Amino acid sequence: MQVINVEQLKTILGSLPTNPRVVASGNFAAPTVLLKALDESIETFKLHMLNAQPGIPDREGVTYESAFVGAGMRRHPRLTYIPSRLSLVPILFRDHYVPDVVLLHASAPHEGRVSLGTEVNILPAAIEAAREN
């Protein structure tokens, strides 16, 4: 495990492939500091969130993907809606919508481990798919 600061994160994000797919915690647990760093570091990216709330990056160059559309993406012209049962989203990550990076909340490290906190949902599958990529 490596702990980095926001400036180091921006450097890492800037080295992602062109138009990366980013999966982030959704619902009311969006990692706003990380999303801001992403938005400041990358010109174009696909943002995949479940039930995204208002306040996520919204500008030309940012496209949205979601199987569960929240108020932050609803009726947005740059939204790709992916109708799916929640149980199938891990398969979508593995086979069709492979994430380049996953942004999420985590606890402070304790004995080399972290907790994913309050919004876990599809994130373990996204992490696994990103690691395989």
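Note that the structure is predicted; figures quoted are calculated from it, not measured.
Counting heavy atoms of neighbouring residues, nucleotides and ligands inside a 6.0 Å radius, atom CD of Glu43 does not exceed 12 of them. In this structure, Gln53 places its CD atom where more than 12 heavy-atom neighbours from other residues, nucleotides or ligands lie under 6.0 Å away. Other residues, nucleotides and ligands contribute over 12 non-hydrogen atoms within 6.0 Å of the CZ atom of Arg59.
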Starting from the C-alpha separation in whole Å, work towards a yes-or-no answer on side chain to side chain contact (heavy atoms under 4.5 Å, CB included) for Lys36 and Val6. CA-CA 10 Å; Lys36 183 178 181 210; Val6 174; over 6 Å; no

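With values rounded to the nearest 0.5 angstrom, Thr32 atom OG1 is found 12.0 Å from Ile56 atom CD1. Note that OG1 of Thr44 and CD of Glu60 are 11.5 Å apart. Values are rounded to the nearest 0.5 Å. To the nearest 0.5 Å, atoms CG (Leu9) and OG (Ser41) are separated by 6.5 Å. With rounding to the nearest 0.5 Å, the separation of CZ in Phe68 from CG in Asn51 is 9.5 Å. Considering CG of Leu50 and CG of Asn121, their distance stands at 5.5 Å, rounded to 0.5 Å.
Shown are Leu13, Leu34, Val62, Leu47; of these, the side chain to side chain contact (heavy atoms under 4.5 Å, CB included) with Asp39 is made only by Val62.
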Using residues 81-104 as the side-chain source, report each donor-acceptor pair under 3.5 Å to any protein atom, sequence neighbours left out, with the distance given to one decimal.
unit_1	atom_1	unit_2	atom_2	d
Asp100	OD1	Asn133	ND2	3.4
Asp100	OD2	Arg21	N	2.8

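Here the closest heavy-atom approach between residue His105 and residue Ser25 is recorded as N-OG, 3.9 Å. For the residue pair Leu35 and Ala24, the shortest heavy atom distance occurs at CD2-CB, 4.1 Å. Across Val23 and Ala126, no two heavy atoms sit closer than the pair CG1-CB, 3.8 Å. The two residues Ser66 and Met73 have their closest heavy-atom pair at CB-SD, 3.9 Å.
With a 4.5 Å cut-off on side-chain heavy atoms, Thr80 and Lys46 do not count as touching.
Using modelled atom types, one side-chain atom of Asn5 and one backbone atom of Glu7 make a donor-acceptor pair closer than 3.5 Å.
The hydrophobic cluster containing Ile4 also contains Leu38, counting ILVMFWY residues as joined when their side-chain heavy atoms lie under 4.5 angstrom apart, directly or transitively.
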